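Here is the structure we will look at.
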Amino acid sequence: MLKMDHLTKVFNPGTVDAKLALDDLTLDVRDGDFISIIGANGAGKSTLFNAIGGSFLVDTGRIFLGGEDITLKAEHKRARDIGRLFQDPMRGTAPEMSIEENLALAAGSGGWLSVTRRSDRKAFRDRLALLDMGLEDRITQPVGLLSGGQRQALTLLMATYHIPKVLLLDEHTAALDPGTAEKVLNLTHSLVEDNHITCLMVTHNMQTALDLGNRTIMMDHGRIIYDVEGEERKALTIHDLTERFRVASGHQMNNDRMLLGVAG
Amino acid sequence: MSFADIMGLGQTALELALFNSLTVLALFLSYSMLNVCDLSTDGCYAFGAAVGTMVALAGHPWLSIPAAMLAGVVSGFVTALLQTRMGINSLLAGIIVNTGLYSINIAVMGGAALQNMFKTQTVFTILKDALKDTALAPYYSLMIGLAAVALVIVFLCLFLRTRLGMAIRATGNNPDMVRSSSINPAFTTTVGLMISNSFTALSGCLLAQSQKSVTADIGSGMVTVALASLLIGNAFFARRSIPVRAVGAVLGTFIFRLVYTIALRFHLPAFMLKLVSSVIVILAIFVPYMKSQMPTIRRRMGYANQPREVK
């Protein structure tokens with residue numbers, strides 16, 4: 001489905017700040033995989049997502065999505081097949097435009113000069129009702145009036161309005177309060193499950209990493225140091241995970257936000 | 001001063017405001033919607049005036065209008081090209097185009113910095129002749145201004161509801177979101193600037209034809225004057241629907257002209273217009289900023305009266 005073939009990326013090459021952000025990284029994501037990604041600060045998790053999403057060009061290596069080589073494809077063209085959510089709930093929506101207008105842009109049906117029809121509006125309402133946040137009754141309000149959690153839920157809806165080939169979630173619940181985070185996480189789970197979306201999720205919560213999805217990978221210094229799924233993964237505890245990290249990387253996990261406790 | 005004089009003065013001010021409000025509507029699209037401060041406005045205004053004048057002088061009064069607008073489209077395209085595809089800062093792109101247009105405008109005017117249309121047929125003279133001996137005869141200029149402004153407002157209201165129009169608004173609001181909707185912000189910026197500059201050029205073309213002359217510096221300071229009008233309108237109609245805000249932009253132009261006309265009556269010299277517009281733009285942006293800084297300032301002032309030592 002999504003294949004990364006020996007990706008390398010160096011930031012600030014030739015300076016004292018040169019940083020090898022992706023180090024000969026190879027990963028094969030199968031159709032329907034839901035992979036949780038964990039790793040220390042600066043391990044290259046977000047860099048990996050930016051490479052897949054097309055925020056920058058990788059220095060070497062190639063990226064394939066659904067058999068197509070997308071290595072050189074422009075970011076906005078990749079967006080047709082790749083849904084993305086960021087930690088910042090403000091990034092995915094236009095605050096001064098209404099919920100309806102935001103959804104209309106995400107839906108993108110019709111030509112450039114088409115307008116939102118009554119049937120579109122009904123479809124938006126039905127989709128919004130699935131969020132169970134009462135947004136279907138606030139469809140003409142500017143998105144800027146919504147809470148962070150509501151905005152993130154709306155972004156999730158927009159990113160999956162047309163089922164993407166792959167969904168990239170970059171700590172998308174980290175900026176939300178625990179209650180809202182859980183709600184958005186449950187929503188993510190059901191959307192991904194119901195639509196069989198291939199999904200990659202960066203999380204700093206070890207328990208979430210083990211609870212959600214079918215596969216977990218650990219990153220360190222731009223490499224994948226541990227890749228686990230199936231029975232072996234089911235038996236893992238947070239303690240095992242930190243231990244594996246220490247063994248595989250040769251140092252302690254030092255993510256300042258890493259949560260070792262139970263789901264939150 | 002007789003009543004008729006006052007009415008005449010009011011009508012002239014109104015006509016000027018209508019022609020200039022087309023530039024204000026252009027900035028409504030580029031500045032308020034697309035979030036681009038288009039500094040090529042001055043040059044584009046003169047470009048539209050020059051092209052419109054030369055086409056009218058060549059004996060094509062009707063063609064002068066679309067020709068001027070097309071000139072604006074080209075100017076907007078170049079400004080957009082510089083900032084979206086050539087890595088030039090958006091403000092700088094506008095200034096560069098503005099400077100370049102000065103030479104181009106004089107070239108368009110056949111190497112002269114001034115062209116007159118005293119005996120030339122324009123849309124104004126055509127309508128004036130058509131309305132001869134009717135009750136509407138004195139209002140031909142006003143009618144052209146009103147029609148142009150109404151058409152542009154209707155176009156903007158309809159256009160901004162389309163997918164392309166929404167994408168242009170989103171580009172000014174959150175370009176990341178536009179990209180993730182599989183739309184290229186470079187494309188929406190280009191289309192937006194092409195449309196807005198066509199209005200600016202139309203604005204200049206109509207003003208030149210109404211006053212029967214064009215000079216190379218006809219657009220000088222236009223961007224600030226138009227911005228002042230836009231921000232005055234914005235002060236009353238921010239956070240309202242798009243049609244209301246568009247009409248508000250035109251009303252802002254009227255208010256600006258009104259204030260200015262009254263100031264002239266109180267012997268403010270005519271050359272002060274541009275200083276007045278500068279001050280209005282400064283105030284319109286500074287006052288809201290000042291308000292947001294008030295808590296900090298109050299706190300600081302409170303501190304000044306406190307003893308410095310730790311108790």
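All of these numbers come straight from a predicted model, not from anything done at the bench. So that the names make sense, note that chain A is the first sequence line, chain B the second, and so on, each numbered from 1. No hydrogens, no waters, no symmetry mates; every other heavy atom, side chains included, goes into these values.
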Across chain B and chain A, going purely by atom type as modelled, what donor-acceptor pairs are there at a distance under 3.5 Å?
from, atom 1, to, atom 2, distance (Å)
Arg80(A), N, Ser182(B), OG, 3.3
Met90(A), O, Asn174(B), ND2, 3.3
Arg91(A), O, Asn174(B), ND2, 2.9
Arg91(A), NE, Asp176(B), OD2, 3.3
Thr93(A), O, Asn174(B), ND2, 2.8
Glu96(A), N, Asn173(B), OD1, 2.8
Glu101(A), OE1, Arg169(B), NH2, 3.3
Glu101(A), OE2, Arg169(B), NH1, 2.9
Trp112(A), O, Arg163(B), N, 3.3
Trp112(A), O, Leu164(B), N, 2.8
Ser114(A), O, Arg163(B), N, 2.9

CE/Met86(B): more than 12 non-hydrogen atoms of other groups inside 6.0 Å = no
Within a reach of under 6.0 Å around CZ of Phe77(B), are more than 12 heavy atoms found that belong to other residues, nucleotides or ligands?
-> no
Whatever's closer than 4.5 Å to a heavy atom in chain B on Met90(A) counts as backbone
